[in-house]
Participant: 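Following this message is one structure expressed as structure tokens.
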2 protein chains.
Amino acid sequence: MATSARQGPYFCGIDAAMDVVAGKWKSLILWELHHHGTRRFSELRRGLPGVSEKMLVQHLREMEEDGLVDREVYPVVPPKVEYSLTEHGISLNAALASLSAWGGERIRRIGAEKITLDEPTAVEVDVEVG
Amino acid sequence: MATSARQGPYFCGIDAAMDVVAGKWKSLILWELHHHGTRRFSELRRGLPGVSEKMLVQHLREMEEDGLVDREVYPVVPPKVEYSLTEHGISLNAALASLSAWGGERIRRIGAEKITLDEPTAVEVDVEVG
DNA sequence: CAGGATCCTCACCGATACTG
DNA sequence: CAGTATCGGTGAGGATCCTG
């Protein structure tokens, strides 16, 4: 049991969906995994500026428990763990599309500042790192 | 300023949308107003079993501030205040549709208990209460 | 590299009492 | 009826240190 049992009685579908997406970084994790297919722990951490390891692990575990993400551990040294979306995670992401669009509209409407998460090409970054 | 300023920098559209829907009862309020068109304060309170007046007012104020709900005060005695969705609230509701469907699927999948919010006929309830 | 274990803070939410 | 004001609990989230 990872921090929360869930499965609790729900008022409606939105309630059930929100329960799964609730958490400061979950939708971002969903977004990251969706756009990259597969990501290592450290990659996710770099992709989500500001997240703490604790929260990242915790959210990842809950999402795994909820059947949204798949966690694959490679028994190598140094350790390597890869995360990816399950089919349910993918469908959830699709279901979030219209909400995302609405939010985009809202950002424009109220003129809020927007933070760019994704690295430009992920290739040039590699060059910088190396 | 009602409890929160928001407008904060967002990572993406989902983030901006979640910010507006965050709050234990907001999606339910949205749902109530969507299905009834217009509701008085006490009606909303009855429609959302378990909500406290404080939270209901607070959420309503925030949603008004976010341009989701419209608040109309009738200068009569006893006081009468009606809440309804603005066009943004309506479009948000529409954007939540697919998420709601996904949540419905999930409820079925995990076999979670579901609570019926809306009164069956609102007439039989009256009988039980009386 | 990928976490586990701890401590701490704050805002979310609930309950109660009072008012125009 | 439709709120306002206040107090207090709880847990999500954050910071830091430690480990296989």
Side-chain angles (χ1 to χ4, degrees), chain A residues 1-6 8 11 15 18-29 32-33 38-66 69-84 126 129-130, chain B residues 1-8 11 15 18-29 32-33 38-66 69-84:
Chain A
M1 70 312 277
T3 313
S4 60
R6 271 179 233 316
F11 289 104
D15 197 16
M18 294 292 287
D19 187 25
V20 147
V21 196
K24 195 172 183 179
W25 306 93
K26 289 200 179 169
S27 57
L28 278 344
I29 293 174
E32 272 278 315
L33 292 179
T38 291
R39 299 240 90 180
R40 296 184 59 169
F41 185 81
S42 54
E43 291 176 331
L44 279 173
R45 200 149 88 87
R46 273 192 295 274
L48 275 44
V51 71
S52 65
E53 299 135 22
K54 176 196 168 188
M55 289 316 299
L56 185 53
V57 177
Q58 186 174 307
H59 283 161
L60 248 13
R61 288 286 139 81
E62 290 180 9
M63 293 170 78
E64 186 189 359
E65 197 186 352
D66 288 334
V69 312
D70 205 22
R71 177 169 176 266
E72 183 147 9
V73 183
Y74 296 86
V76 298
V77 48
K80 177 180 175 183
V81 178
E82 284 188 344
Y83 294 91
S84 58
D126 219 77
V129 172
Chain B
M1 70 280 327
T3 312
S4 59
R6 272 178 227 327
Q7 338 282 66
F11 291 101
D15 197 16
M18 293 291 288
D19 187 25
V20 146
V21 195
K24 195 170 181 179
W25 306 93
K26 289 197 179 171
S27 58
L28 278 344
I29 292 174
E32 272 279 315
L33 292 179
T38 291
R39 300 238 89 179
R40 299 185 57 171
F41 184 82
S42 53
E43 290 175 331
L44 280 174
R45 199 149 88 88
R46 272 191 295 274
L48 274 43
V51 71
S52 66
E53 298 137 21
K54 176 196 168 187
M55 289 315 300
L56 185 53
V57 177
Q58 185 174 307
H59 283 162
L60 248 11
R61 287 286 139 82
E62 290 181 7
M63 294 171 77
E64 186 190 359
E65 196 186 352
D66 288 333
V69 312
D70 205 20
R71 178 168 175 266
E72 183 146 12
V73 184
Y74 296 87
V76 298
V77 48
K80 178 181 175 181
V81 179
E82 283 188 344
Y83 294 91
S84 57

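Lettering of chains follows the sequences in order, A, B, ..., and the numbering in each one begins at 1.
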Participant: For dG3(D), does OP1 or OP2 lie under 4.0 Å from any side-chain N or O of R71(B)?
Facilitator: yes
Participant: Sequence neighbours excluded and cut-off under 3.5 Å, please list the side-chain donor-acceptor pairs for residues 76-84 of chain A, or say none.
Facilitator:
from, atom 1, to, atom 2, distance (Å)
E82(A), OE1, Y74(A), OH, 3.1
Y83(A), OH, R71(A), NE, 3.3

Participant: With sequence neighbours excluded, what pairs up with V51(B) under the side-chain contact (heavy atoms from CB on, under 4.5 Å) test?
Facilitator: W25(B), R45(B), L48(B), M55(B), L56(B)
Participant: With a 4.0 Å cutoff (strictly under), does any side-chain N or O of R40(A) reach OP1 or OP2 of dA2(C)?
Facilitator: yes
Participant: Rounding to an integer number of Å, can you tell me how far L56(A) CG sits from dG4(C) P?
Facilitator: 11 Å
Participant: Please find the pair of heavy atoms, one from T38(B) and one from E43(B), that lie closest to each other, and give the distance.
Facilitator: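 Residues T38(B) and E43(B), closest heavy atoms: O-OE1, 4.2 Å.
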Participant: With 3.5 Å as the limit, what N/O pairs link the protein to nucleotides 9-11 of chain D?
Facilitator:
none

Participant: In whole Å, what is the span from the CD atom of E82(A) to the P atom of dC1(C)?
Facilitator: 14 Å
Participant: Starting from C1' on dC1(C), measure out to CZ on F41(A) and report it in whole angstrom.
Facilitator: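 Rounded to the whole Å, the gap is 9 Å.
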Participant: Write down the distance between CD (E64(A)) and C1' (dG3(C)), rounded to a whole number of angstrom.
Facilitator: 13 Å
Participant: Would you give the length of the straight line joining atom CG of L33(B) to atom CG of L60(B), rounded to the nearest 0.5 angstrom?
Facilitator: 7.0 Å
Participant: Measure the distance from CD on E43(A) to P on dG3(C) and round it to the nearest whole Å.
Facilitator: 13 Å
Participant: Compare every heavy atom of H59(B) with every heavy atom of K24(B), then report the nearest pair and how far apart it is.
Facilitator: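 So the minimum-distance heavy-atom pair works out to N-CE1, 3.7 Å.
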Participant: Search all heavy atoms of V20(B) against all heavy atoms of K26(B) and return the closest pair with its distance.
Facilitator: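 Closest heavy-atom pair between V20(B) and K26(B): O-CD, 3.3 Å.
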Participant: For dG3(D), does either OP1 or OP2 sit under 4.0 Å from a side-chain N or O belonging to Y83(B)?
Facilitator: yes
Participant: Considering only nitrogen or oxygen atoms on both sides, find all protein atoms under 3.5 Å from nucleotides 13-17 of chain D and state each distance.
Facilitator:
from, atom 1, to, atom 2, distance (Å)
dG13(D), OP1, K24(A), N, 2.9
dG13(D), OP2, H59(A), NE2, 3.3
dG13(D), N7, K54(A), NZ, 3.2
dG13(D), O6, K54(A), NZ, 3.1
dG14(D), OP1, K24(A), NZ, 2.5
dG14(D), OP2, W25(A), NE1, 3.2
dG14(D), N7, K54(A), NZ, 3.3
dG14(D), O6, K54(A), NZ, 2.3

Participant: With axes from five pairs an end, tell me the bend angle of the helix from dC1(C)-dG20(D) to dG20(C)-dC1(D), nearest 10°.
Facilitator: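 Inter-axis angle at the termini of the helix from dC1(C)-dG20(D) to dG20(C)-dC1(D): 50°.
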Participant: Taking any heavy-atom pair under 4.0 Å as a contact, classify P78(B): base, sugar-phosphate, or nothing.
Facilitator: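 Sugar-phosphate, backbone atoms only, no base.
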Participant: Tell me the interatomic distance from M18(A), atom CE, to dC12(C), atom P, rounded to whole angstroms.
Facilitator: 14 Å
Participant: Under 4.0 Å: is that the gap between some side-chain N or O of R45(A) and OP1 or OP2 of dA2(C)?
Facilitator: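 Negative; the distance criterion is not met.
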Participant: Without decimals, in angstroms, what is the distance between L48(B) CG and dA2(D) P?
Facilitator: 15 Å
